[in-house]
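Here's the structure, in structure tokens; my notes come after.
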Amino acid sequence: MKPKFTLTCNLDKILKEKDITPYKLSKETGERIGTIYKLVNNQDLDSSRLSTSMMANICGYLGIGLGELFEITEETGG
């Protein structure tokens, strides 16, 4: 059986650690609040179009790398 991997966004955890609200991140970066909340809640990431410029804006503002923003985990079969 082929392994299956999942991409998870760590934005919620990072924002809490840095004491930044999703609203503030949206205002400071100019990115849509709805998109920020999708990342925070890990909603519809498979069907969302996440631009590289948006990822760069978020990572640059937070002072993190893309590898810190996203995590890849292997799903275990059951």
So CD of E31 and CE of M54: to nearest 0.5 Å the spacing works out to 6.0 Å
Minimum heavy-atom distance between F70 and N10, given as atom pair plus value: C-ND2, 4.0 Å
Can you tell me how far apart CG (L7) and CG (N42) are? Round to the nearest 0.5 Å. 8.0 Å
Restricting to salt bridge (charged side-chain N to carboxylate O under 4.0 Å, His left out), what partner residues turn up for K16, sequence neighbours left out? D12
Distance col, row L50:CG vs T35:OG1, nearest 0.5 angstrom, shows 7.5 Å
If I compare all heavy atoms of L25 with all of T29, which pair ends up nearest, and what's the gap? O-OG1, 2.7 Å
Of all the heavy-atom pairs spanning M55 and L66, show the shortest one and how long it is. CB-CD1, 4.0 Å
At their closest point, which heavy atom of I33 faces which heavy atom of P22, and how far apart are they? CD1-O, 3.5 Å
So NZ of K38 and CZ of R32: to nearest 0.5 Å the spacing works out to 7.5 Å
Nearest 0.5 Å, what's the NZ-CG distance between K18 and L11? 11.0 Å
One should read off an interatomic distance between L62 CG and N57 CG, to the nearest 0.5 angstrom, of 10.5 Å
Minimum-distance pair of heavy atoms, taken over all atoms of L69 and C59: CD2-SG, 3.9 Å
